[in-house]
Undergrad: 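Can you read through this structure? Questions will come right after.
Residue numbering restarts at 1 for every chain, and letters A, B, ... go by the order of the sequence lines. Here the structure is a predicted model, which is why all the values come from computation and not from measurement.
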Protein chains: 2
Amino acid sequence: MPRPRSLTQDQVAAAALAVADRDGLAGLSMRAVAKELGMSTMALYRYVRDRDELEGLIVDLVLGEVDTSPPPDGPWRERVEVMAVRMRDALAAHAAIVPLTMTHRHGSPGSLRWGETVTGILAQAGIEGRAAAIALRALIAYVTGAIQLEHLGALSGTGTDAIAELPGDVFPNMAKTAQHARGIGPDEEFLGGLSALLRGLGS
Amino acid sequence: MPRPRSLTQDQVAAAALAVADRDGLAGLSMRAVAKELGMSTMALYRYVRDRDELEGLIVDLVLGEVDTSPPPDGPWRERVEVMAVRMRDALAAHAAIVPLTMTHRHGSPGSLRWGETVTGILAQAGIEGRAAAIALRALIAYVTGAIQLEHLGALSGTGTDAIAELPGDVFPNMAKTAQHARGIGPDEEFLGGLSALLRGLGS
DNA sequence: ATCGTAAGCGTATGCCGTACACCTACAGGA
DNA sequence: TCCTGTAGGTGTACGGCATACGCTTACGAT
């Protein structure tokens, strides 16, 4: 009976994501998203309660793009690694919104599906119950932490250079470590830490 | 010759931290910090270039409170664990500013000293060069990720309850895992994941 | 053709960070 | 003792933010 909606929430989320991809997280505002959709600022509020909900929709959208189908057969560590890499790739495609995932990942359907697949792999490997709960949280902690680190000064970036040139008498170990760190790419870094965690999770 | 400063940057940082502790990150504003110091808003800018620098000072202050003296002798894994727990405890005392540490940890003296001590322990354990660089970054990724997770919906909180009540036919593994997760405290969770990572780092 | 509903919009409020121009307290030299 | 240059401290103002509120308007059902 009333006037029909002209947009879906998905379209709103997609517009917001486009703004964030183009102008960064700082450029993401209700005004900017409304302009992206060709509406007035306040019209946006017909689709979203407030900015917080909009951020949730963006995270849902990005996390929903992660392929959560069970990876091909193989050793369980490799299969979990595939899942971790899928998550990392999806977020790398929208690096600007990575900080939002920490606040809004909770309860997102994509995140739940990812967890479901991972716990399934763990269960097949005999990791269940409390051990599975701890393993899943450890994986989430590592993956989200590593992704944020990666987008806030890569291992081979200027930050590492600065550390490598620290006074050798005050920070001898850091200076030496940074020297070696220069040659390490982001992939090797991410996968290296991940495989250590996975080795340890097998008890 | 000119009028002397009446405040140190440390005092400014302490006031800002007090505001954040009391009113949360959302309550942290230049106006609020200036009021905390009993000055006008703009006087604050005599001590700090902009808000970004103020945030850096806060992080420096909190990270500077971490005890970075070498832990007592013992197995290297236990010594690294002590370092991780010290970092976690320091941040837990100021949970509101945890998100700031992701953006401002880089180059903070406290963070450097922490890294120096950790790489020292790793070196004594025979982990050096590229392996040490990867190990350090993995530890930072896990610790920061876990701390953020902890302050954004604990394992035994309402979020877990919601997951435990998910449709069992769509998320069977998650539902079962969440059931077991309910009984896990934050310490057990943090230390469990950490010891897995440390086991794996020993190659 | 009309009418109720909700879409969409304009305006306004109270925050925010901060640029700028001004006044003022103080240490050093006279 | 007074004078003066420097930098500390302040008030005002601007543009941008999220969003509350009330109006207008498009539309599907009658």
Undergrad: Quick check: do A/K176 and B/E128 have side-chain heavy atoms less than 4.5 Å from each other?
TA: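 Yes, their side chains come closer than 4.5 Å.
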Undergrad: Enumerate the ring pair (Phe, Tyr, Trp, His ring centres under 6.0 Å) contacts for residues 177-203 of chain A, please, sequence neighbours excluded, ordered by first and then second residue.
TA: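 Those involving residues 177-203 of chain A are A/Y142-A/F190.
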Undergrad: Classify every nucleotide of nucleotides 23-30 of chain C by which part a protein heavy atom approaches to under 4.0 Å, writing B for the base, S for the sugar-phosphate alone and - for neither, in 5'-to-3' order.
TA: -BBBB---
Undergrad: Nearest 0.5 Å, what's the OG-CG distance between A/S195 and A/L201?
TA: 11.5 Å
Undergrad: Classify B/T41 by what it touches in the nucleic acid, base, sugar-phosphate, or nothing, heavy-atom distance under 4.0 Å.
TA: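 Counting heavy atoms under 4.0 Å across all strands, the contact made by B/T41 includes a base.
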Undergrad: Partners of A/D21 by side chain to side chain donor-acceptor pair (under 3.5 Å), sequence neighbours excluded?
TA: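 Here the qualifying residues are A/H94.
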Undergrad: Rounded to the nearest 0.5 Å, how far apart are CD1 of B/I147 and CZ of B/R88?
TA: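 These two atoms lie 7.5 Å from each other.
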Undergrad: Please identify each residue that fulfils side chain to side chain contact (heavy atoms under 4.5 Å, CB included) with A/D52, with sequence neighbours left out.
TA: A/D50, A/E55, A/H104
Undergrad: Whole Å only: how far is the CE atom of A/M39 from the C1' atom of C/dG10?
TA: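 Atom-to-atom, A/M39 to C/dG10, this comes out as 15 Å.
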Undergrad: Give, for atom CZ of B/R86 and atom OG1 of B/T117, the distance between the pair rounded to the nearest 0.5 Å.
TA: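 Spacing of CZ (B/R86) from OG1 (B/T117) equals 8.0 Å.
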Undergrad: Using residues 10-19 of chain B as the side-chain source, report each donor-acceptor pair under 3.5 Å to any protein atom, sequence neighbours left out, with the distance given to one decimal.
TA:
from  : atom 1 : to   : atom 2 : distance (Å)
B/Q11 : OE1    : B/T8 : N      : 2.8
B/Q11 : OE1    : B/T8 : OG1    : 3.4

Undergrad: Set out, line by line, the N/O atom pairs under 3.5 Å between protein and nucleotides 19-21 of chain C.
TA:
none

Undergrad: What pairs of residues pass the ring pair (Phe, Tyr, Trp, His ring centres under 6.0 Å) test when at least one of them lies in residues 2-39 of chain B, not counting sequence neighbours?
TA: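 Applying ring pair (Phe, Tyr, Trp, His ring centres under 6.0 Å) to every pair that reaches into residues 2-39 of chain B, excluding sequence neighbours, yields nothing.
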Undergrad: The criterion is side chain to side chain donor-acceptor pair (under 3.5 Å); which residues satisfy it with A/R22, sequence neighbours excluded?
TA: A/E36
Undergrad: Can you list everything that forms a side chain to side chain donor-acceptor pair (under 3.5 Å) with B/T68? Sequence neighbours excluded, please.
TA: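 In terms of side chain to side chain donor-acceptor pair (under 3.5 Å), with neighbours along the sequence ignored, B/T68 is linked to B/R113.
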Undergrad: For DNA chain D, find the residues of residues 10-32 of chain A with a heavy-atom distance under 4.0 Å and give them by number; none if there aren't any.
TA: A/S29, A/M30, A/R31
Undergrad: Between A/Y47 (OH) and C/dA7 (P), how many Å, whole number?
TA: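 It is 7 Å, rounded to the nearest whole Å.
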Undergrad: Using the heavy-atom set of chain A and a strict 4.0 Å cut-off, write down the first and last nucleotide of DNA chain D that makes it in, 5' to 3'.
TA: D/dC17 to D/dA29
Undergrad: Name all residues meeting the side chain to side chain contact (heavy atoms under 4.5 Å, CB included) criterion together with A/R5; count only those two or more places apart in sequence or in a different chain, and write none if there are none.
TA: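 Applying side chain to side chain contact (heavy atoms under 4.5 Å, CB included) to A/R5 gives A/Y47.
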Undergrad: So which of A/L136, A/T119, A/L63, A/D67 actually passes side chain to side chain contact (heavy atoms under 4.5 Å, CB included) with A/W114?
TA: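 Of all the options given, the one that passes is A/L136.
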